[in-house]
Structure formats: structure tokens, C-alpha cells
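Down below is the structure, laid out as C-alpha cells.
Values below: all heavy atoms of this structure, side chains included; hydrogens, waters and symmetry mates excluded.
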Amino acid sequence: MPSFKNAMEIFKLLDKSNCRACGEKTCLAFAGAVYQGRKKIQGCPKLDQAALVQFSDSIGNGRDFSEQNRDDDLEILKNEICNLDLAAAAERVGADFSGSRLTLKVLGKDFSVDSKGRFSADIHINSWVSIPFYDYIHYGKGLPVTGNWLSFRELKDGQERYPLFQKRCEAPLKQVADTYTNLFDDLVHIFGGKQVEKQFQSDISVVLHPLPRVPIMICYWLPEDGLNSSLNVFFDDTADKNLSIGSIFSLGSGLSQMFEKLARRHGFPEVLSASSLEI
């Protein structure tokens, strides 16, 4: 089955009548919803049946933006590191440089890269961290944190990706917080999080630092007086200048996956140990 690089490739399959039978205002909006996984291609009643049979299994599967060409992107970033002045990069992004290695904190843990693009850490590292790590070093402007918080949709190019971000990051984090509220609170502290004064009148407000100048604030509201619980994730208003929106998405969705995995594995804070951590 073919893979699609963008929503326009899906749009080309549609009749472009903007009939709205799919529930979207335009065919282009529907193509974007399919590409982001919010709708299935079968939702178009006018789609040519031959196209439906050929492509229905290959699109609309909720594919994460961070999963596209992940291995290729990682190799490209590694090669670019080889041509980078790591000492200058360390000064720019708030990292340490010693013995030809750049080292910075990722969720409170030391991660390093050398002049050949070789990555090292004390614990296992997944691509949801490694790609943003390289991205941050190579392209980040290193702007200081301002303390002004924005939602993902308010960041540059975040609006159209927010529905999938909510599905892949905020919704799973909320489920963890609902099910293991105490464990959720402990987890954020294990990863170098800091409890802050209640933000936006939330019950739990914690700031994590997946990268030194890309903090993430998680705000959780407990259910109360017949109202459901809620959870939102916020970023410093410099986040989209210190990191690409794709890497910000990757950090948020990867963080939620990690919390889900640890919550399922343990369920109780007393059995959680540093040796079980996997980033």
C-alpha cells in the first residue's frame, strides 16, 4: 500500500464538490481530517469505489506526525551534527561541553552527543526524545524561558495539529491522572518535575523539562460538583522558536506514552523505582 506525505495527496482522490456530507466544510478540510486520523476515508460518500478499495487500509489510521520518516529524519540530524560546532551549540542552548561531548538534561537525566553524532545516555532512549534532542541542538535559537504559557494550538503551526495532539498527549495523560492520581503526581517528580503554584486554578500544576529551554506544564483538575476531570498541557511561548512543532508534538505524545506504560506496569507509587525507568 502507498503512503501519503500530506493531505493534498488525499485531496486529489476526492471530487472537490464541497458537499459537506462528510461533516466537514470543504473537501480539503476532510482530507486534512483523514490524514490526521480524525476521520476515515470511507466518510466521503462520493469517493470512487476503486480508490476506496485501493486506499482505505493505508490512510486514516491516526498516524502520529512524529512517526513519519522517523528513521530517515534521525539519520539526517545525526549527519548534520557532524558539521556542527558543538561548543558553540552548547552555549546557545544551555548545555555543557567537555571532551568533545555536548551534554544536557532530559527530564533530569544526562544525555550526550559527540562530534560524530553518536548519542549516549545512562538509560534506554527512544526516538521520541532523540529526534527532538538533535533538533534542539542544531536548530534551536536557545531563547530564555519567559514563563508565559501557551496551549499547543497557540504555537506556530499548532492549530491544525492540535486535535491529534489532544488525542495522543492530553487524553492519555488525563486517563493516567484519573486512574492513578497519586502515582501521576509521583511520576512527574521522578522525572525532575516541580510542583508550582496552582496555575489557572488547577488542582495539580507541574512543570517538566524534557529539554532545558522547552519546559512543559501539566495542569490537572479533579472532578468536582458533577463536573468531569480535565487536563491540559502548556508550553512556554518560546517553545516554537527553540524547537520545531513536530518535535514539540513528539515530546508531548512520547511523554504520555511513557506515563501510560509506567502506570500500567506499576499502578502503585511504592513499587516505582529509578531502575525501571525507560525514556
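Distance check, rounded to the nearest 0.5 Å: SG of C169 to CG of N232 gives 10.0 Å. Between atom CG of residue L107 and atom CD1 of residue I216 there is a gap of 8.0 Å, rounded to the nearest 0.5 Å. Atom CZ in F165 sits 10.5 Å away from atom CZ in R153 (nearest 0.5 Å). With rounding to the nearest 0.5 Å, the separation of CD in Q166 from OG in S151 is 11.5 Å. Atom CG of residue L102 and atom CG of residue L84 lie 8.5 Å apart, to the nearest 0.5 angstrom.
The two residues F191 and L208 come nearest to each other via the heavy atoms O-CD2, 3.9 Å. L86 and V113 get closest at one heavy-atom pair: CD1-O, 3.9 Å. Across all their heavy atoms, K167 and P172 have their closest contact at O-CD, 3.2 Å. When all heavy atoms are compared, the tightest approach of K105 to D110 is NZ-OD1, 2.9 Å. The two residues Y220 and S229 come nearest to each other via the heavy atoms OH-CB, 3.7 Å. Closest non-hydrogen pair, T103 versus S112, comes out as OG1-OG, 2.6 Å.
Judged purely by distance below 3.5 Å, without hydrogens or angles, the side chains of K174 and S230 never pair a donor atom with an acceptor atom. Neither side chain, R101 nor S115, offers a donor N or O lying under 3.5 Å from an acceptor on the other. Side-chain polar atoms of E154 and Y162 form no donor-acceptor pair below 3.5 angstrom. Between T26 and N18, the side chains place no donor N or O within less than 3.5 Å of an acceptor N or O (distance only, hydrogens not considered). Under 3.5 Å, the side chains of S100 and D114 contain no donor-acceptor pair of N or O atoms.
Below 30°, between 30° and 60°, or above 60°: for F133 and F119 the angle between ring planes is above 60°, a perpendicular geometry.
Considering only residues two or more places apart in sequence or on other chains, Q159 meets the side chain to side chain donor-acceptor pair (under 3.5 Å) condition with none of them. Considering only residues two or more places apart in sequence or on other chains, S244 meets the side chain to side chain donor-acceptor pair (under 3.5 Å) condition with D135, S247.
Atom NZ of K194 is surrounded by 12 or fewer heavy atoms from other residues, nucleotides or ligands within 6.0 Å.
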